[in-house]
*Asks:* 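My questions all concern the structure below.
Reminder, nothing fancy here: chain letters follow the sequence lines and each chain counts from 1.
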Number of protein chains: 2
Amino acid sequence: MKSIEPTIKADEVAQPRAGEKILRVARDLFYRQGIRAIGVDEIVRRAGVTKPSLYRSFPSKDELAASYLRQYDLEFWDRFDEAVAAHPGDPRAQIAAFLTRIGKRTQKPDYRGCGMTNAAVEYPERGHPARVVSEANKQELRRRLRAMATAMGAGDADTLGDGLLLLIEGAYISGQLFGAGGPAKSVARNADLLIEASLKK
Amino acid sequence: MKSIEPTIKADEVAQPRAGEKILRVARDLFYRQGIRAIGVDEIVRRAGVTKPSLYRSFPSKDELAASYLRQYDLEFWDRFDEAVAAHPGDPRAQIAAFLTRIGKRTQKPDYRGCGMTNAAVEYPERGHPARVVSEANKQELRRRLRAMATAMGAGDADTLGDGLLLLIEGAYISGQLFGAGGPAKSVARNADLLIEASLKK
DNA sequence: GGGTATACGTACCGATCGGTAACATTGTCA
DNA sequence: TGACAATGTTACCGATCGGTACGTATACCC
């Protein structure tokens, strides 16, 4: 019996492809538990697929981890650009908006920090696919923060940009170390104090 | 034939006990490559001992990791107290000395950050033996930094203490992420700016 | 309906994981 | 000499690791 809807085919209605399901599950498990802590068997089991499906979509577990981080990277910059767009031409307010959001996220019960940062800690070896993605993300973040510090008119803009990066990374880490009530909740306040001090020069 | 030196026995001359050799090697490998990345087989091989020796001295790999961190903790506070003792009664200078030293260490080629911080990232699960040691160390560090901020006469001492902790953790992480020339080299400068701003209140 | 390409599952691989049982060897001290 | 404590030796355990050879099902096109 012919379908009543003629040409609405696998593109739109169909259940997600195996590769997508795998990446979704991997993203969740890798972020919450760590990449090394999760085996491919658990990923395919929770995704409701089988192992060969994983290796048809990804050449290796390391590359799956890199794919997870590439997606993380996209979403990170979405959030970053959202804070920027909310305060056009006002980099200090952009930073404040971004850090206020981070500060709030770090107070959530199961906060696990930044997937990029965590991956770099898990894979210190240079050239590892996951680490490459992580390093590129951080380099770009540093570049943007320094550019924003310059736009603010800071005397030593590179130092201020780097100081903001230190505060951000510190928030990621202490957020997952201390949980709610930890030092990360004051990241926006401290960043603003640092900016204030750097502009007065 | 009796020995010429009568009672200089196993305590002083003898080669280190198996447990000590294991802990030495484990400390080195765990710090540089990560705890999860290193198997017990490699530890005993590099230590020149056998696996049963490891499990006679340590009940499990997790407990060996905890022992590594307990030793790390002792050495950490040695360094911290050294900076404190160098500037009696001057908490601001104590912080400056401690952070200058961290900033320098982060610029070394194979810097791998803080073993405590890294372990907490590797083991997010609450109650893990390694994580317990790490969390205790960080809690104490936070307590001391806040006390020092109070002693400096900061208006909002808890915020300043937490801000310093964020900068420190940020230095640990970005030190291993960026290598030499990274943002961590400015940690002491940024901390001083932050202190300056916090005292002016 | 038959051909074909894509997608998936079953079953398996060798290697390594953390951990242990049983016994031989050594040096120390009484 | 004889007991004791520490270590080494060898061989092994079940579980899990990342990864793959190969057969099967499904959907589309002609």
*Asks:* Please report the end-to-end axis angle for the helix from dG1(C)-dC30(D) to dA30(C)-dT1(D), five pairs per end, rounded to 10 degrees.
*Replies:*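 One end axis against the other gives 10°.
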*Asks:* Going by salt bridge (Lys or Arg N to Asp or Glu O under 4.0 Å), name the pairs with one or both residues in residues 83-105 of chain B, residues two or more places apart or in two chains.
*Replies:*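 Listed by first then second residue: E82(B)-R101(B), R92(B)-D192(B), R92(B)-E196(B).
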*Asks:* Consider only side-chain N and O atoms of Q71(A) and E75(A), and report whether a donor and an acceptor are under 3.5 Å apart.
*Replies:*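 Yes, side-chain donor-acceptor contact under 3.5 Å.
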*Asks:* Write down the distance between CZ (R45(A)) and C1' (dT10(C)), rounded to a whole number of angstrom.
*Replies:*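 After rounding, the reported distance stands at 18 Å.
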*Asks:* Can you measure R17(B) atom CZ to dT28(C) atom C1' for me and round it to whole angstrom units?
*Replies:*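 One finds 11 Å between C1' of dT28(C) and CZ of R17(B), rounded.
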*Asks:* Enumerate the ring pair (Phe, Tyr, Trp, His ring centres under 6.0 Å) contacts for residues 114-133 of chain B, please, sequence neighbours excluded, ordered by first and then second residue.
*Replies:*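 Non-adjacent pairs meeting ring pair (Phe, Tyr, Trp, His ring centres under 6.0 Å): Y123(B)-H128(B).
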*Asks:* List the residues meeting salt bridge (Lys or Arg N to Asp or Glu O under 4.0 Å) with E122(B), not counting sequence neighbours, and say none if there are none.
*Replies:*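 Counting only residues at least two positions away or on another chain, E122(B) forms no salt bridge (Lys or Arg N to Asp or Glu O under 4.0 Å).
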*Asks:* What string of B, S and - do you get for nucleotides 11-24 of chain D, 5' to 3', when a contact is any protein heavy atom under 4.0 Å?
*Replies:* ------SBBBB---
*Asks:* Is there a donor-acceptor contact under 3.5 Å linking the side chains of S67(B) and R70(B)?
*Replies:*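 Yes - a donor-acceptor pair under 3.5 Å links their side chains.
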*Asks:* Would you name the heavy atoms of I38(B) and G34(B) that are closest together and state the gap between them?
*Replies:*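 In terms of heavy atoms, the two residues are closest at CG1-O, 3.4 Å.
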*Asks:* Looking just at side-chain N and O atoms, do K138(B) and T117(B) make a donor-acceptor pair shorter than 3.5 Å?
*Replies:*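 Side-chain D/A pair, K138(B) to T117(B): present.
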*Asks:* How would you label the contact of T50(B) with the nucleic acid (heavy atoms, under 4.0 Å): base, sugar-phosphate, or nothing?
*Replies:*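 The residue T50(B) makes base contact.
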*Asks:* Holding to ring pair (Phe, Tyr, Trp, His ring centres under 6.0 Å), I want the full list of residues that pass it with F30(A), two or more places apart in sequence or in another chain.
*Replies:*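 So F30(A) forms a ring pair (Phe, Tyr, Trp, His ring centres under 6.0 Å) with Y68(A).
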